[in-house]
Amino acid sequence: MSLLFFLYFACVIVVTSVLVVALRNPVYSALALLIMFFHVAGLYVTLHAEFLAAVQIIVYAGAILVLYLFVVMLLNVKRDERYHVQAPAAAFLGLVLFTEIVLLAFQRTYQTGAAGPPEVESAGNTETIGEVLYSTYLFPFEIASLILLVAMIGAIILAKKTLAEPRQP
Amino acid sequence: MHPLLDTLKTKFPEAVLAVQEDKQRGDLSVRVAAPRLLEVARFLHDDPVAAFDHITDICSADYPDDQERFEVIYHFLSLPHGIRIRVKARVTEEHPVVPSITSVWKGADFMEREVYDLMGIKFSGHPDLRRILMPEDYDEGHPLRKDFPAEGRGWRSRFDFLPRLDEAPVAETGRDIPEAEKRVFRTEPQPSSSSRRTEELLLNMGPQHPATHGVLRVVLELDGERITKATADLGYLHRGVEKLAEGLAYMQIIPHTDRLDYVCSMTNNYAYVRTVEKLLGLTIPERAEYIRTIVAEMQRIIGHLFWLGTQALDIGAMTVFFWTFREREVLLDLFEKLCGARLTLNYFRIGGVDSDFTPDLVERLRAFLKDFPAHIEEYETLLQTNRIWVARTKDVAVISAEDAINFGLTGPVLRASGVAYDVRKLEPYGAYGKVDWEVPIGKNGDTYDRYWVRMEELRQSSRIIAQCLDQLPEGPIVADAPKIIPPPKAHVMRDMESLIHHFIIFTQGFKPPKGETYCATEAPKGELGFFIISDGSPRPYRMKIRAPSFVHMGAFDHMARGYLISDIVTIFGTYDIVMGECDR
Amino acid sequence: MTEVGIKLVFSLTQIAVVLGIVLLTVMILTLAERKVLGWMQDRMGPMEVGPYGVLQPIADGLKLFFKEDIVPAGANKFLFSLAPILALVPALIGFAVIPFGPNKTIELFGYQFQPFVISDINIGILYILAFTSIGAYGIILGGWASNSKYSLLGGLRSAAQVISYELNVGLAIVGVLLLAGSLSLVKITEAQAGGFWHWYVFAFPFPQIFAFVVYVISSVAETNRLPFDLPEAESELVAGFFTEYSGMRFAFFFLAEYANMILVSCIAAALFLGGWNAPYPGTLLPESLAWVEGVMWFTVKVYFFLFLFFWLRATLPRLRYDQLMRFGWKVMLPIALGNILVTSIAAYLFPR
């Protein structure tokens, strides 16, 4: 049963990822990406990481992708009729990746069924993440928030124009 | 001779060709040589003895039999001294050029464009001389000229913007508008302070749009959310009332004036009828004056209630709209009882009014007045101190007093900027001089002040009506001037003299004396003035309507710049524009 | 396999019932809004169809159903049709985790199921937040697909408004989560049992009244209702992102707005006002019928919030867009953050 779900999610993820780069209309690509995010969240749910699934949708699909769409629409990016062909670079990278995958496949055995990390059912996914995030990984957490703050300030400074004052009486 | 006229004659001996003081009508007029017009105008504006800071109107007249065919007529008002003056200049057909006075009065912009559009007189030095009421590409001529026919010439089949039913519709999508067409609507490119190239968006609002009050087209140039230029495109409701009037007898024009400011149509009647009575030198009976004042104030209440409802609706407070229209219904029912109509009332007659007040009407009016202050309170609880309303209206569309006077604004728009100019106090007419009332004056000239001024005017109007009802004398409602005013039907069927007068008045029309006059009335929207040139015939030689909405549209660009696009609806509403009188 | 089958049938029935009730409520709301607004504006509202106008929603539905399907020239047909669906589906999906009545478990055909909540997942509220954030897509795509400057501007502004206030909604809820200790709506409503002084809006250690106010105001903004409906105001940019929509597609946007309203009202009732709990401890009705009381109290609270939505629409003018954003970021957000701070200190000092 769970294998069925995994196969479904995995197939859709692969197909939509390819569509993101293959479709010519940028808004369609963004929608394909949205579908992909949903199915990644589905994968998380099969791994009992439901908090992560919800956060994936809230943050990635609900905020980041929305901003991608804003940019696409505001810049009025049109359909790209040309098909970009970069054969040499694509061939090289493809070869490298293929070799990697083959090596990985023959080095480990697959495990059917979601073995996954040790079950912490009693505490629930959210509590576990919270405990770990705020104790062991506190420092990276604060650094991440600082980086985001810097990015926000940078964006505001870059985008800020000196507007004319609205007329005073 | 008026001292001002003497000063002018001495200061500009060659420029000033003739002066005239019409003592009976209280008009001053000056004839000036066209090339020297700008200096005289500047003198009239700047000199403290004259101080004509307010521009009232610019119009034109066509005398095809004269060598100098066209006459441009300017009306100015001096607010400090409270006098009006008329300046006239003549030009020939071969060289119809007059210097533009837009450098002195900004309000002359739209007015001169209208003169150019309808008469074909060019103004040198005008920043943007294009047609205003007729379409941009109208090449059939200038409609107000005497050689332009009043009936059509069968053009309709050749208008290219009308769809032809026998042709397939043109598929027109995503057509790119050429840059040359867009240039009219853009501001001049600034020497760019930033290195980034910003592309401004041109947004077209109208002519069909729920928020523009009537058929008004505005092209906004936007920089992000801010408006950098607002170009108004008028003329969608232009019906040629002024041209029509040249072919109608004086009495027949009254229903046409109804259709100007159709929200408060009796006011237009009043303004027109007063001008004709001024031209004739007719005095009207007491009772008629009181009745006229009462209905004029009822119209003011109606007009302001309409304005309040629509402005609140545009800003989002829907409930106020329904409440004001509830009050309006009561008044419209009273009007129906009085003259049979609700919208285009056609109640005033030259020399009086059409029908008398019945005691029942007076009772109902008194009952309305008793409840009305409570209703005004009701509107105010929803709006006056509401933080969202205040945030939406304070400091929005601010216009300073000097700018307002320079643009020629009048009415509540001017009074909200702090200028105490009300035609009813400056040149009292009707019963306004006999009752006790005040003129509310604002401070900042923003939307909130205009709102406040109009609310206060509602209260003052109730006050005026109440006092007039108390003082209402008995008497006739129409003046007794048999050669001008048709006798009552009952007499016509019995008395030979009445029959003759009736016959002459209705077949030929009465003949007013030769002359010209301008008369201003305080309409709810501003100063509504009529300028009539009479050549002694039963039809006016030229009738010019000084519509407050048209003049206010001239200041629209100035008022809208720098505000957000969300403020545009607020700005439309605060001006209280009705396209019927803007386009005529 | 039969277990899966039977559970599937249970769930499908539950879903059908809940969806049916929600859609029926949406229909009732269209009429209720017009009636309530009418009475506040000194008029009667729809009165023609049916006695006192009660059949008006059916007439509206029929009209929208039979309207001509107009797709503007140059519009992207796929996206144009997709946008209303993307607006409606997330609004309806959120109802899967809301408890409509007490948390009973009944036994049918040998399998247990909870009749009053479709699915009690342990990330309940997070699930709802996730899907309301998808609702923004419907708006953006609706504005974009109409191929009109007006609609695009309206759509982008509306989407920016929605994501800004989403943040405030999330933060306002955190205070309640701190006090309840769980993300599951069922557990949160259970924790408020016993009487109205246990409801989180009044509860010790720190009454969530500020969070409640922030939540209500932000949810009005989320659903694009007056006073925050600038992007779709009739007189501003001609109804903004759904200018070009007519017929069934317009009906979908309309339904989505009302379904969203009902969803946020249900959440407000569940999180702050104790859900299906009565204001008094215990139940009036005998034990076997106690669920009737629970469901009834839940309905009353939800309708109270819906009435609040209508009341706000009748009374207040519209906020301008920059004022709206300023209000969300500079006023609501600090209050929500402050509330979290104080609540966490209070929860630490007075643990459950």
Side-chain angles (χ1 to χ4, degrees), chain B residues 169-175 201-206 208-213 220 222 224-226 309-327 329 375 378 381-383 386-394 396 451 563-570 572-573, chain C residues 33-34 36-45 71-76 146-154 156-157 160-161 217 220 224-240 243 310-327 331:
Chain B
V170 171
E172 215 185 78
T173 52
R175 181 182 69 109
L201 180 70
L202 277 183
L203 195 65
N204 180 51
M205 277 181 99
Q208 295 144 315
H209 188 100
T212 61
H213 296 236
L220 299 169
L222 299 174
E225 285 262 321
R226 294 221 170 254
T310 47
Q311 165 118 57
L313 183 66
D314 287 339
I315 295 188
M318 310 188 289
T319 312
V320 178
F321 175 76
F322 286 100
W323 290 352
T324 55
F325 271 68
R326 178 189 57 193
E327 264 64 80
E329 276 304 304
H375 289 300
E378 228 179 14
T381 42
L382 273 191
L383 297 177
N386 183 316
R387 297 190 56 179
I388 302 180
W389 178 263
V390 171
R392 284 300 295 265
T393 54
K394 263 239 183 277
V396 172
Y451 153 81
Y563 292 99
L564 299 177
I565 189 177
S566 331
D567 290 326
I568 262 286
V569 270
T570 320
F572 277 133
Chain C
E33 169 156 37
R34 292 167 68 176
V36 167
L37 237 55
W39 288 327
M40 288 185 179
Q41 292 162 354
D42 207 10
R43 58 187 177 94
M44 296 293 286
V71 176
N76 184 325
S146 307
N147 197 34
S148 134
K149 255 188 292 213
Y150 277 129
S151 308
L152 180 62
L153 277 183
L156 290 178
R157 294 203 315 191
Q161 173 189 324
I217 297 179
V220 174
N224 272 333
R225 296 278 299 180
L226 256 167
F228 300 101
D229 73 341
L230 197 77
E232 63 175 50
E234 290 103 23
S235 58
E236 298 281 342
L237 292 176
V238 204
T243 312
F310 299 155
W311 196 0
L312 285 176
R313 181 167 186 206
T315 318
L316 296 176
R318 203 169 281 133
L319 274 176
R320 205 173 57 208
Y321 188 67
D322 62 321
Q323 296 166 339
L324 193 157
M325 294 301 259
R326 187 174 303 141
F327 184 63
V331 177

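What you see is a predicted model, and the numbers here were worked out from it, not measured in a lab. Naming convention: chains lettered A, B, ... in sequence-line order (proteins, then strands); numbering from 1 in each chain.
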Residue pair C:Leu226 / B:Gly316: nearest heavy atoms and the distance that separates them: CD1-O, 3.7 Å
Exercise: identify the closest heavy-atom pair between B:Phe322 and C:Arg43: CE2-NE, 3.3 Å
For B:Ile388 against C:Pro227, the heavy-atom pair lying closest together: CD1-CB, 4.0 Å
Closest approach of C:Arg318 to B:Asp314 (non-hydrogen atoms, all atoms of both residues): NH1-O, 3.2 Å
Min side-chain heavy-atom separation C:Gln41-B:Arg326 under 4.5 Å: no
Pairwise distance CG(C:Leu319) to CZ(B:Arg387) - rounded to 0.5 angstrom: 10.5 Å
Any C:Asp42 side-chain heavy atom under 4.5 Å of B:Trp323 side chain: yes
Structural part of C:Leu316 lying under 4.5 Å from a heavy atom of chain B: both
Which portion of B:Val396 sits near chain C, non-hydrogen atoms under 4.5 angstrom: side chain
Point-to-point distance, once rounded to the nearest 0.5 Å, from CG of B:Asn386 to OG1 of C:Thr315: 9.0 Å
Region of C:Arg320 in contact with chain B, defined by heavy-atom distances below 4.5 Å: both
